[in-house]
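A quick write-up on the structure given underneath.
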Amino acid sequence: MSSVKFLTERVAVVTASTKGIGFAIAKRLGLDGASVVVSSRKERNVKEAVTALRLEGIDVDGIVAHVGIAGDRKKLLDFALDRYGKLDILVSNAAVNPHYGDLLNITDAQWDKLLQLNVQASFLLTKEAVPHLEKTGNGNIVFVSSLAGYAPIEGIGAYSIMKTALMGINKTLSQSLAHRNIRVNAIAPGIIRTDFSKMLTENPEPSANIDVRRTIPLGRIGEADECAGAVSFLVSDEASYMTGETIGINGGMHSRV
Ligand code: NAP
């Protein structure tokens, strides 16, 4: 992207943004001129992320917010509104994966957690943000889905199902929010080097690890920063006629089906 700060005067909230892909997205939006609110469960992580982003010259603040807790979701939006007076961009990035292995061996508790955090929390936070996004007349929502949402990745079947559901939310909301001048899009990363992907890249069971050379045409795992530019583009005026789309960022890995 250019050095023009094309997101100046926009306010963005990014969930789960103190590490990994969320942090990279917060940084990119901030470098492109937006004021950014970062958040995650642990206060230490929030403080570290805010410090690191301020060192980059970004207008940023942060708050502890667990996306699975209704009070925290409200607190996150209220914080952004109190601090910056409005909300233009919501990036719903948080997800967990408590289960690896055969889908039918998943416990009820693991299934509930996946559904609650990866799908329900994303939808409910978005629902709560809509009236604020609408007020700006140019609101944007971006969901962080996954390549696994298009075609299930072995060993993470339940997670894949949740990411497919997120794509359904993306498409459905894009239809219902278009007339309210809110665009809704998603990104679908492939295998990106973060703590989250270690189960596929550093699994103690060697056969569980992704065969990078065989499965990723570009021949390497992606970096979190490589996911961020697409989000900045989607929320920018350059993408003003795009809604309901999902951009794959996967090194060519069995792209969308
Ligand atoms: P990550 O590096 O493990 O980062 C996780 C971040 O989420 C941390 O900031 C963590 O901070 C926060 N977090 C965890 N649980 C949370 C919760 N309940 N509420 C709020 N914040 C929470 O993960 P990542 O790889 O960047 O993944 C980010 C998104 O990308 C997820 O939606 C994931 O499904 C998606 N994705 C990742 C990959 C990949 O290969 N990495 C591929 C496709 C899609 P605290 O510990 O302080 O809460």
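What's counted below: heavy atoms across the whole structure, side chains too, no hydrogens, waters or symmetry copies. When a ligand or atom number is given, it counts from 1 through the structure's own listing order.
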(message) Hydrophobic clustering (ILVMFWY, side-chain heavy atoms < 4.5 Å, transitive) - are Ile216 and Ile153 grouped together?
(response) yes
(request) Report, as yes or no, whether the 6.0 Å neighbourhood of atom NZ on Lys113 holds more than 12 heavy atoms from other residues, nucleotides or ligands. (result) no
(request) State plainly whether the residues Asp32 and Lys5 are in salt-bridge range, i.e. N to O under 4.0 Å. (result) no
(message) Counting only heavy atoms closer than 4.0 Å, does ligand 1 sit against the backbone of Asn45, its side chain, both, or neither?
(response) side chain
(message) Nearest non-hydrogen contact with atom 38 (C) of ligand 1 belongs to which option: Ser197, Cys227, Gly190?
(response) Gly190
(request) State if Arg44 counts as touching ligand 1 under the rule of any non-hydrogen atom under 4.0 Å. (result) no
(message) If we count only N and O atoms by modelled type, under 3.5 Å, do the side chains of Tyr84 and Asp61 hold a donor and an acceptor together?
(response) no
(request) Name the closest protein heavy atom to atom 33 (C) of ligand 1, giving the residue it belongs to and the distance to 0.1 Å. (result) Tyr159 OH, 3.4 Å
(message) As an exercise, state the distance from SG of Cys227 to CD1 of Ile25, rounded to the nearest 0.5 Å.
(response) 7.0 Å
(message) With a 4.0 Å cut-off on N to O distance, would you call Glu245 and Arg183 a salt bridge?
(response) no
(message) Checking contacts here: is it the side chain or the backbone of Ser145 that comes within 4.0 Å of ligand 1, counting heavy atoms only? Could be both or neither.
(response) backbone
(request) Run through Phe23, Tyr100, Tyr159 and flag the one making a ring pair (Phe, Tyr, Trp, His ring centres under 6.0 Å) with Phe196. (result) Tyr159
(message) Less than 4.0 Å is my threshold; does some heavy atom of Ala224 fall inside it relative to ligand 1?
(response) no
(message) Is there a polar contact between ligand 1 and Ser17, counting only N or O atoms under 3.5 Å apart?
(response) no
(message) Counting only heavy atoms, tell me which of Val144, Asn118, Leu200, Leu76 gets closest to atom 35 (C) of ligand 1.
(response) Val144
(message) Check this for me - ligand 1, Val96, N or O atoms closer than 3.5 angstrom, yes or no?
(response) no
(message) Residue-level breakdown please: for Arg193 versus ligand 1, do any non-hydrogen atoms fall below 4.0 Å on the side chain, on the backbone, on both, or on neither?
(response) neither
(request) Mind checking whether Phe23 contacts ligand 1 via backbone (N, CA, C, O), side chain (CB onward), both or neither, at a 4.0 Å heavy-atom cut-off? (result) neither
(message) Between ligand 1 and Gly22, is the shortest N or O to N or O distance under 3.5 Å?
(response) no
(request) Report yes or no: does a heavy atom of Ile191 sit under 4.0 Å from some atom of ligand 1? (result) yes
(message) Regarding atom 45 (P) of ligand 1: of the candidates Ala121, Ser40, Ser146, Gly222, which has the closest heavy atom?
(response) Ser40
(request) In plain terms, say whether Arg193 and Asp225 are close enough for a salt bridge, that is, a side-chain N and a carboxylate O under 4.0 Å apart. (result) no
(request) Please assess Phe143 against Phe123 for the test ring-ring contact (aromatic ring centres under 6.0 Å, His included), listing each intermediate value before the final yes or no. (result) CA-CA 10 Å; Phe143 293 107; Phe123 175 68; 8.8 Å; no
(request) Identify, for atom 2 (O) of ligand 1, the protein heavy atom at the shortest distance, and state residue, atom and that distance. (result) Thr194 CB, 3.2 Å
(request) Could you list the atoms of ligand 1 found under 4.0 angstrom from a heavy atom of Ala95? (result) 31 (C), 32 (O), 34 (O)
(message) Below 4.0 angstrom, counting only protein heavy atoms, does anything approach atom 5 (C) of ligand 1?
(response) no
(request) Specify the protein heavy atom at minimum distance from atom 7 (O) of ligand 1: its residue, its atom name, and the distance to 0.1 Å. (result) Ala16 CB, 3.1 Å
(message) Looking at Lys135 and Asp88, is any side-chain nitrogen of the basic one under 4.0 Å from a carboxylate oxygen of the acidic one?
(response) no
(message) Please check whether Ile192 reaches ligand 1 - meaning an N/O of the residue sits under 3.5 Å from an N/O of the ligand, judged on distance alone.
(response) yes
(message) Quick one: does any side-chain atom of Ser145 pair with a main-chain N or O of Lys163 as donor and acceptor, under 3.5 Å?
(response) yes
(request) Can you pull out the closest protein heavy atom to atom 26 (O) of ligand 1? Residue, atom name and distance to 0.1 Å, please. (result) Ile21 N, 2.7 Å
(request) Answer yes if the side chains of Thr15 and Asn93 hold a donor-acceptor pair under 3.5 Å, and no otherwise. (result) no
(request) Looking only at protein heavy atoms, identify the closest one to atom 48 (O) of ligand 1 and say how far it is in Å. (result) Arg41 NE, 2.7 Å
(request) Find the distance between NZ (Lys75) and CG (Asp72) and round it off to the nearest 0.5 Å. (result) 4.0 Å
(message) How far is atom 28 (C) of ligand 1 from the closest protein heavy atom, and which atom is that?
(response) Asn93 OD1, 3.3 Å
